Q: 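My questions will all concern the structure given below.
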Amino acid sequence: MTTYDENPYSVHFAHFASRLEEHLRKNGIPCDDADRIIEESSVIYFDRLSSANKFAKLFRKQDPANVFVDSAFRAIVHHLPEAKGTFGSPNEIERAIR
């Protein structure tokens, strides 16, 4: 079992990623590009969750949806900078995953 399999945030990520892929495909993004965006967002998502101070985690839980939206936004902007003001905006991503 990998570290991600033991992480409760991986279940949230899988749920959000499937909705993000659907959102990207509805907006005309090819499957290969959507996969790259989701892969990059997973790296950002899990790095952000694992790099937080463990002491701080005891007092402040991070909302997995907020972390995902930020991670997906960064990945989309990296691959499709022109989408940051439309379907790749944080508001649109959040709407798509909820």
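The chain is numbered in sequence order, starting from 1. What you see is a predicted model, and the numbers here were worked out from it, not measured in a lab.
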Q: Salt bridge check: are D70 and R74 linked by an N-O gap of less than 4.0 Å?
A: yes
Q: Check step by step if side chain to side chain contact (heavy atoms under 4.5 Å, CB included) holds for I93 and F87.
A: CA-CA 7 Å; I93 296 167; F87 68 88; over 6 Å; no
Q: Taking C-beta and beyond as the side chain, do L20 and I76 meet within less than 4.5 Å on heavy atoms?
A: yes
Q: Is a salt bridge present between E22 and R19, judged by a nitrogen-to-oxygen distance below 4.0 Å?
A: no
Q: If we only count heavy atoms from C-beta on, is the H12 to F68 side-chain gap below 4.5 Å?
A: no
Q: By side chain to side chain contact (heavy atoms under 4.5 Å, CB included), which residues pair with D63, not counting sequence neighbours?
A: A65, N66, R98
Q: Taking the side chain as C-beta and beyond, is there a heavy-atom pair between S41 and F13 under 4.5 Å?
A: yes
Q: Does a side-chain heavy-atom distance below 4.5 Å link E21 with C31?
A: yes
Q: Verify the ring-centre separation between F16 and Y45: is it less than 6.0 angstrom?
A: no
Q: A side-chain contact here means heavy atoms from C-beta on lying under 4.5 Å apart; do E40 and R36 qualify?
A: no
Q: Counting distance only, does the side-chain N/O of S50 pair as donor-acceptor with the main-chain N or O of F46 below 3.5 Å?
A: yes
Q: Is there a path of hydrophobic side-chain contacts, each under 4.5 Å between heavy atoms, that joins I44 and L80?
A: no
